[in-house]
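Everything on this sheet refers to the single structure shown next.
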Amino acid sequence: MADQLLFNPRTYDPAHFDPETRRLLRATVDWFEDRGKRRLIEDYRSRAWLADFLAFAAKEGLFATFLTPASAADGHQDKRWDTARIAALNEIFGFYGLDYWYAWQVTILGLGPVWQSDNETARARAAELLSQGEVFAFGLSEKAHGADIYSTDMLLEPDGDGGFRVTGSKYYIGNGNAAGLVSVFGRRTDVEGPDGYVFFAADSRHPAYHLVKNVVDSSKYVSEFRLEDYPVAAEDVLHTGRAAFDAALNTVNVGKFNLCTASIGICEHAMYEAVTHAQNRILYGRPVTAFPHVRRELTDAYVRLVGMKLFSDRAVDYFRSAGPDDRRYLLFNPMTKMKVTTEGEKVIDLMWDVIAAKGFEKDTYFAQAATEIRGLPKLEGTVHVNLALILKFMGNHLLNPAEYAPVPTRRDAADDAFLFRQGPARGLGAIRFHDWRAAYDAFGHLPNVARLREQADALCEFVTTAAPDAEQSRDLDLLLAVGQLFALVVHGQLILEQAGLTSLDEDVLDELFAVLVRDYSAHAVELHGKDSATADQQRWALSAVRRPVIDTDRSARVWQRVEALAGAYEMAP
């Protein structure tokens, strides 16, 4: 019987969505399955551009249906920006290949400044391009400055007629070879400071748009492009001044959420391959899965993957329920980007330790999964950048809860309009959260949930009695170790909330929390060893170490779930 917690193309039926969403998701799965594993792998190895896939997406209206907000849909009932179904499609793309996901992801980023703009001409143009099957690009980063948008060298010279002539280059820009519209960030030459920022729409087919190269060796076209005296008319301007800066950050807020579900899809496909191989491989007269260390590694990988899915699914609800008075998503978003994607790396590494040389073979999905899983923690801000962002919320989250109405599961066919009117990208430290303890208390009868709760309570004590002083607060190495501890508390919280909403098997949940207890203890030991850790902080760190509660019968029952994955899915040849 198929595992209900993992995506399996053989049994996939997204019946919780409306009919058109359900049809499009299933049609996408069928397109990949019909294409077959050999063709998929060969396209990956030969770095083939995604023309066939984009033709399919255009024919079905996939991007247009999923990525046109209701405000630009011209009354089309199935078009909306629905984070729940976007997340589902991320998972499918990740399952079959990150190159497909990437073309979709950078289209989402390219649309962000457009859908936040009041420029109706540009919005109508974007909607029409989507309906024609075009992809989009997000021209933010530069070779010399990375994503340091304060230092952009994309320069707009006023032309005297209300428009500009633009010269400059952008680097690491996905879809830059084919985008019907590129949202480009720059600054005016005649205005100093933040008031000079501009977001404008460019066309990659314009003669003044020069495609330099693909900067990566991949089907993903991650371009360097240069504008030489490119004409920007008034109707091409999306944002000016501080609003352009906010549009950049708010677009990344929308886009970075997609990384978690892509990571989940990669891990799911790789897990089917890994467990099947290990179960069928005979070593010293026994299946590889008969060895205790192999069972532990595969079980750990499985429960970590389940945790990734639970956290991400619950984070969808906070995204969709967000508003000016509820910005909790701004914590859960970098958590999905940082924590879920690094969990994905751990899942792949655990399985790779088991299947060893098999993971290099060219006829496996696993070989590309092992490569592509590394990219997701490094896109839309590094792990360190997102961990530092997460730290801004720690005090209020742990110590200063507020009252909120319960957030329900959000799978309704609604338009997530707030994502394109998030407002100024500041004030993070003032955001309040509901009490994290309630989720832990609901499962306090599970021994490892109770144990991680002890460690979370210990972190509250750390924040109030041994927090970094002013000098230590400049030591990012120390702060990031603290951030890892806090991230585990938040990770556990949303996992528990989703477990309660879905009646998750408590064996799986307690086995997962045994892993999280070990993780917390490891990060506490890391904090103990930091150069600038004080004697009090060192004592606290060792006092926070806990051993998970071992239950061999529970572990054996969870292993049976893992073992059942062997042969449960293999992609059509």
Side-chain angles (χ1 to χ4, degrees), residues 3-6 292-314 335 339-340 342-343 346-347 350 397-399 401 434-463 484-528 539-564:
D3 190 308
Q4 297 304 307
L5 298 177
L6 302 187
H293 68 290
V294 167
R295 292 189 172 192
R296 181 192 61 79
E297 288 180 314
L298 292 179
T299 299
D300 282 4
Y302 173 78
V303 296
R304 284 187 187 277
L305 176 52
V306 170
M308 292 163 65
K309 293 201 73 168
L310 294 169
F311 185 94
S312 301
D313 285 349
R314 185 58 175 150
M335 278 289 302
K339 185 64 180 172
V340 175
T342 54
E343 284 290 287
K346 293 174 185 175
V347 169
L350 285 164
H397 183 278
L398 291 178
L399 304 174
H434 58 297
D435 194 339
W436 59 272
R437 296 169 184 83
Y440 282 82
D441 290 346
F443 289 94
H445 57 283
L446 297 180
N448 285 302
V449 175
R451 195 141 291 184
L452 189 64
R453 166 65 191 272
E454 291 175 20
Q455 293 176 307
D457 286 335
L459 185 60
C460 295
E461 177 190 351
F462 174 87
V463 171
Q484 290 284 7
L485 297 171
F486 174 52
L488 274 166
V489 177
V490 181
H491 191 55
Q493 176 193 352
L494 260 61
I495 287 171
L496 292 168
E497 289 186 14
Q498 187 67 7
L501 291 168
T502 58
S503 301
L504 180 72
D505 184 312
E506 291 193 347
D507 283 341
V508 174
L509 189 59
D510 202 40
E511 193 75 16
L512 168 59
F513 271 75
V515 171
L516 300 185
V517 168
R518 292 203 311 262
D519 287 352
Y520 191 101
S521 297
H523 288 306
V525 171
E526 182 184 4
L527 176 61
H528 174 270
R539 282 191 291 272
W540 175 87
L542 294 184
S543 73
V545 171
R546 295 288 187 278
R547 173 182 168 81
V549 178
I550 308 302
D551 182 335
T552 56
D553 291 338
R554 177 197 69 219
S555 297
R557 290 191 295 270
V558 177
W559 166 249
Q560 289 174 358
R561 298 180 68 110
V562 180
E563 191 175 30

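Count residues from 1 along the sequence.
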What distance do R554 atom CZ and L446 atom CG have between them, rounded to the nearest 0.5 Å? 9.0 Å
H434 and E497: side chain donor to acceptor below 3.5 Å: yes
Note: L488 and L452 closest approach over all heavy atoms is O-CD2, 4.3 Å
Residue among H397, R314, M335 satisfying side-chain contact (heavy atoms from CB on, under 4.5 Å) with Q493: H397
Could you check whether D553 pairs with R557 (Lys NZ or Arg NE/NH1/NH2 to Asp/Glu carboxylate O, under 4.0 Å)? no
L527 side chain near F462 side chain, heavy-atom distance below 4.5 Å: yes
Show your reasoning for whether side chain to side chain contact (heavy atoms under 4.5 Å, CB included) applies to R453 and D441. CA-CA 8 Å; R453 166 65 191 272; D441 290 346; 2.4 Å; yes
Could you give the distance from CD (Q484) to CD (E526), rounded to the nearest 0.5 Å? 7.0 Å
Which atom names give the shortest non-hydrogen contact between R437 and D457, and what distance separates them? NE-OD1, 4.4 Å
Looking at V449, V517, V303, D507, which hits side-chain contact (heavy atoms from CB on, under 4.5 Å) with L512? V303
CG (L516) and CZ (R546) are apart, to the nearest 0.5 Å, by 15.5 Å
Would you mind checking if R561 and D505 are paired as a salt bridge, meaning a charged N to carboxylate O distance below 4.0 Å? yes
Pair H491-D519, side chain to side chain contact (heavy atoms under 4.5 Å, CB included): steps then yes or no: CA-CA 12 Å; H491 191 55; D519 287 352; over 6 Å; no
R451 vs Y520, test: side chain to side chain contact (heavy atoms under 4.5 Å, CB included). Steps then yes/no. CA-CA 10 Å; R451 195 141 291 184; Y520 191 101; over 6 Å; no
To the closest 0.5 Å, what do you measure between CG (L5) and CG (L305)? 9.0 Å
For a quick test of reading the model, state the closest non-hydrogen atom pair linking W436 to C460 and the distance between them. CZ2-SG, 3.7 Å
D3 side chain reached by Y302 side chain, heavy atoms, under 4.5 Å: yes
What is the minimum heavy-atom distance between Y440 and V489, and which atoms define it? OH-O, 2.8 Å
Could you tell me the separation between the CD1 atom of I495 and the CE atom of M308, rounded to the nearest 0.5 Å? 10.5 Å
Heavy-atom nearest pair, A524 first then A541, reads O-CB, 3.2 Å
Shortest non-hydrogen pair, F311 vs V490, comes out as CE1-O, 3.6 Å
Decide side chain to side chain contact (heavy atoms under 4.5 Å, CB included) for E511 and V306; before the verdict, give the C-alpha distance in whole Å, the side-chain angles of both, and the deciding distance to 0.1 Å. CA-CA 11 Å; E511 193 75 16; V306 170; over 6 Å; no
Let's go through Q498 and S312 carefully: what are the C-alpha distance in whole Å and the side-chain angles of both, what is the deciding distance for side-chain hydrogen bond (donor to acceptor under 3.5 Å, both in side chains) to 0.1 Å, and is it a yes or a no? CA-CA 9 Å; Q498 187 67 7; S312 301; over 6 Å; no
Straight-line distance of Q455 CD to S543 OG, nearest 0.5 Å: 10.0 Å
Under the side chain to side chain donor-acceptor pair (under 3.5 Å) rule, collect the residues that match up with K346, sequence neighbours excluded. E343
